[in-house]
Amino acid sequence: MEFTERPRRLRGDGVREMVSETSVSASDLIAPVFVDATADERVPIESMPGHERVPVEESVARVREVMETGVEAVMLFGIPESKDPEGSRAYAEDGVVQRATRRITDRTDAYVIADLCLCEYTDHGHCGVLESDAAADPELTVRNDATLELYAKTAVSQAEAGADMIAPSGMMDGQVAAIREALDGAGLADVPIMAYAAKYASAFYGPFRDAADGAPAFGDRRHYQMDPANRREAKREVRLDVEQGADVVMVKPALPYLDVVRDVRESVDRPVAAYNVSGEYAMLHAAAEQGWLDLEAVAHESLLSIKRAGADLILTYFAEDVAELL
Ligand code: PBG
């Protein structure tokens, strides 16, 4: 037997860590937090064990729990007290995310990222204002440019409430440009944008839609979110968002789209975020509950793989658990 290369030499205790190419640390992680204006106590989210919707009054306590694990950034999602066709509670000065943001930024050092979309706020559950015949004709869904005006108002109201970063997730064309222009015009030029740039029309969002009560009442999001079959198109979406002023670009979901994370990493010089979504979390939990997987091990391996694919930041429901492990 003739061979000289023995990769196993570097797998022994003591050296393995030194040659490790990738690591996950708490400062890479962003924890999603759900704030619910209809709740007066914490409500567990059944399909996402360990997560809950919290009332505004509990938002500071919830964020402090996150920070105790070493995670310093949160992404806020809101469940409003009421919904209407224009999602007006998304851009209300006393909206649920605005109120929670004020409290959290007043009382903690957490870095607060505001998710910006209308689907939790519209009574039809779509991510923008509808064409007039949308309910009757599934070919007609969301009006792109009219929606941009509402996104711009939402961004300004979130940033004025103290949000450190704005993360538009609605997948309207031109959304980053519209938000950048509005923020700059309001004297908020220092507030960065993390664009959900390559966001796919994915079935892995199922548990989130229970959590945030944002499932579309009819139709689906295929007219605005990306087709899971497309890889090249992700680079185009990302390029457009960077041209429009995105400071960070995101790929979502993460694990089924690691090829896209890698492509994006190689195609732009901006930090890349990946969203390890609700379904990715729920399926590991479900298998672990059956005793089929070791939850801590697969959670850590998942995040490590997302980093290895090229992500700098990871939005994940495992943030607290994995940070505690590290
Ligand atoms: C809102 C939004 C969604 C998610 C984040 N922001 C739902 C959707 O687009 O249907 C999904 C997050 C998750 O599944 O963890 N547009």
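Start at 1 and go down the list; that is how both ligands and their atoms are numbered. Computed from a predicted model, the values in this text were never measured in an experiment.
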- Message: Could you walk me through whether Asp227 and Arg222 satisfy the salt bridge (Lys or Arg N to Asp or Glu O under 4.0 Å) test, starting with their C-alpha distance in whole Å, then the side-chain angles of each, then the deciding distance to 0.1 Å, before giving a yes or no?
- Response: CA-CA 7 Å; Asp227 180 345; Arg222 275 180 288 188; over 6 Å; no
- Message: As an exercise, identify every atom of ligand 1 less than 4.0 angstrom from a heavy atom of Arg221.
- Response: 8 (C), 9 (O), 10 (O)
- Query: Which ligand 1 atoms does Lys199 reach within 4.0 Å, using its non-hydrogen atoms?
  - Reply: 1 (C), 2 (C), 3 (C), 6 (N), 8 (C), 9 (O), 16 (N)
- Item | For Lys252, atoms of ligand 1 separated by under 4.0 Å from a heavy atom | 2 (C), 3 (C), 4 (C), 5 (C), 6 (N), 11 (C), 12 (C)
- Item | Any Met171 heavy atom less than 4.0 Å from ligand 1 | no
- Sub-3.5 Å N/O-N/O distance, Glu120 and ligand 1: no
- Query: Which of the atoms of ligand 1 are close to Tyr275, meaning less than 4.0 Å from one of its heavy atoms?
  - Reply: 12 (C), 15 (O)
- Task: Have a look at ligand 1 and work out which part of Tyr281, if any, has a heavy atom under 4.0 Å from it: side chain, backbone, both or neither.
- Result: neither
- Element-labelled atoms of ligand 1 that are located less than 4.0 Å from some non-hydrogen atom of Asp115: 6 (N)
- Message: Show me which atoms of ligand 1 lie under 4.0 Å from any heavy atom of Val277.
- Response: 13 (C), 14 (O), 15 (O)
- Within a distance under 4.0 Å of any heavy atom of Tyr317, pick out the atoms of ligand 1 and give their elements. 12 (C), 13 (C), 15 (O)
- Apart from Leu325 itself, residues in the same hydrophobic cluster as defined by side-chain heavy atoms under 4.5 Å: none
- Message: Check contact between Ser169 and ligand 1, using heavy atoms of the residue and a distance below 4.0 angstrom.
- Response: yes
- Task: Could you pull out, from Ala254, Ala212, Cys119, the option with a heavy atom nearest to atom 1 (C) of ligand 1?
- Result: Cys119
- Task: Indicate whether any N or O donor in one side chain lies under 3.5 Å from an N or O acceptor in the other, for Gln98 and Ser157.
- Result: yes
- Item | Of Phe34, Tyr275, Tyr281, the residue whose pairing with Phe208 passes ring pair (Phe, Tyr, Trp, His ring centres under 6.0 Å) | Phe34
- Message: My understanding is that only residues two or more places apart in sequence, or in another chain, count here; which of them pass side chain to side chain contact (heavy atoms under 4.5 Å, CB included) with Ala146?
- Response: Val129, Arg143
- Are Lys199 and Tyr224 in a cation-pi contact, defined as NZ or CZ under 6.0 Å from the six-membered ring centre and within 45° of the axis? no
